[in-house]
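Following: one structure in structure tokens, then a few remarks.
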There are 2 protein chains.
Amino acid sequence: MRSIPKQLVDLEISFRKSGLKITHQRLEIYRELSMAIDHPTADMLYQRLRDKLPTISLDTVYRNLITLESHGLVNKVGTTESMARFDAKKEKHHHLFCRKCGMITDFELPLINKISLPDELNDWGKIENTNLTVYGVCKNCLKTN
Amino acid sequence: MRSIPKQLVDLEISFRKSGLKITHQRLEIYRELSMAIDHPTADMLYQRLRDKLPTISLDTVYRNLITLESHGLVNKVGTTESMARFDAKKEKHHHLFCRKCGMITDFELPLINKISLPDELNDWGKIENTNLTVYGVCKNCLKTN
DNA sequence: CTTGATGCAAATAGTTTGCAGGCTC
DNA sequence: GAGCCTGCAAACTATTTGCATCAAG
């Protein structure tokens, strides 16, 4: 268990600032997530919460994750996309991802292999590939917005 | 259009080596993907292929993408996961992703901000965040396999 | 001819939504 | 008391699968 982060203490304040009501479910969802170290899925959180909140529903978990994410209190790990996307390139490359239009642009960064990864990674297992994803808003979306 | 990569020429050989039959659909799916620069989804590829192959079905596209991916001829961009995963950490961090068990482990890498990104990225738009994802197989999966 | 590949349709799985009642402020 | 929030059930959407047929080796 990761120690409870400071922001959990201030959570009610954050919720209020964002105009979010402080419901039992919402607090517990956040508490459970902030103590987890394994990047749970919505369903995993749901299962864990049923002890404390036997009547909570899976869609409440989903709705709260979306709400909390839009207020910057929670992160979605991995891709922002719901659909899988592919490429046929064999060369190593990295991605620029526009969070508005979803456009993915490639770029090369040979230097990435020169970065020395933390020692702890050597203990983790076999490393096969390293990908840098840069998130932001592309020029076109900056213009039209 | 990206120029046709050399491996397309050798594709039939690669297919044979992998024990894959060389079907009209499979070749066209790969050809279409290798010439695309926009990381299409399965459905986007399907739409594009209907000109040449009016009878092709969406599930054939899906099946071939999976097959080609498992033979290392195609990459899935973004996450390997079908399910969204979350965390409540506010600090920037990076991920170790085990392609066998799906476990995600965090690590810190403050140096990442010191990396000078290619100049072309300055023209791309507004950069907000940078995430390094390291793919591989975790120690536990190496053992049990 | 043998086996894997295809196309169709139906099934899944994760996620989202409509609605009526409940709880926070 | 007003409006956001919840739980239930049903809808959606991307993806996968069963099955009979077809084509590559």
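Residue numbers begin at 1 in each chain, while the letters A, B, ... track the order of the sequences.
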For the residue pair A:Asp106 and B:His39, confirm or rule out a side-chain donor-acceptor distance under 3.5 Å.
-> yes
For B:Asp119, look at atom CG and say whether over 12 heavy atoms of other residues, nucleotides or ligands are found less than 6.0 Å away.
-> no
Tell me: NZ of B:Lys17 to C1' of D:dG25, nearest whole Å?
-> 18 Å
Can you find a side chain N or O atom of B:Thr23 that sits less than 4.0 Å from OP1 or OP2 on C:dT6?
-> yes
Take A:Arg26 and A:Phe15 through the test side chain to side chain contact (heavy atoms under 4.5 Å, CB included) and record every step on the way to the result.
-> CA-CA 10 Å; A:Arg26 183 166 290 159; A:Phe15 279 8; 3.4 Å; yes
To the nearest Å, give me how far apart CG (A:Leu65) and C1' (C:dG14) are.
-> 13 Å
Indicate yes or no: at least one non-hydrogen side-chain atom of B:Pro40 is less than 4.5 angstrom from one of B:Arg48.
-> yes
Of all of residues 43-51 of chain B, which get a heavy atom below 4.0 angstrom from DNA chain D, listed by number?
-> none
Does a salt bridge link B:Asp43 with B:Arg50, judged by any charged N lying under 4.0 Å from a carboxylate O?
-> no
If you look at every heavy atom in B:Ser70 and B:Thr67, which pair is closest and at what distance?
-> OG-O, 2.8 Å
Would B:Met44 end up clustered with B:Ile29 when hydrophobic side chains under 4.5 Å apart are linked, directly or stepwise?
-> no
Closest heavy-atom pair and its distance - B:Glu108, A:Pro118 = O-CG, 3.5 Å
Answer yes if B:Phe86 and A:Leu58 sit in the same cluster of Ile, Leu, Val, Met, Phe, Trp and Tyr residues linked by side chain heavy atoms under 4.5 Å apart, and no otherwise.
-> yes
For the pair made of CD in A:Glu12 and C1' in C:dC25, what is the distance, rounded to whole Å?
-> 13 Å
Through what angle, rounded to 10 degrees, does the axis of the helix from C:dC1-D:dG25 to C:dC25-D:dG1 turn between its ends, using five pairs per end?
-> 40°
B:Leu20 or A:Leu20, whichever maps to the more 5' nucleotide of DNA chain D = A:Leu20
Proximity to DNA chain D (any heavy atom under 4.0 Å), residues of residues 57-64 of chain A only = A:Ser57, A:Asp59, A:Thr60, A:Arg63, A:Asn64
Counting side-chain heavy atoms from CB outward, which of C:dG7, D:dA24, D:dG7 is closest to A:Ile56?
-> D:dG7
With no hydrogens and no angle check, is any side-chain donor or acceptor of B:Lys139 less than 3.5 Å from a backbone partner on A:Asp123?
-> yes
NA contact type, B:Thr67, heavy-atom cut-off 4.0 Å: base, sugar-phosphate, or nothing?
-> nothing
OP1, OP2 of D:dG7 versus side-chain N and O of A:Gln25: anything below 4.0 Å?
-> yes
Go through B:Thr133 and B:His94 one step at a time and tell me if the side chain to side chain contact (heavy atoms under 4.5 Å, CB included) criterion holds.
-> CA-CA 6 Å; B:Thr133 301; B:His94 305 277; over 6 Å; no
Mapping B:Ile29 and B:Phe86 to their closest nucleotides on DNA chain C, which lands nearer the 5' end?
-> B:Ile29
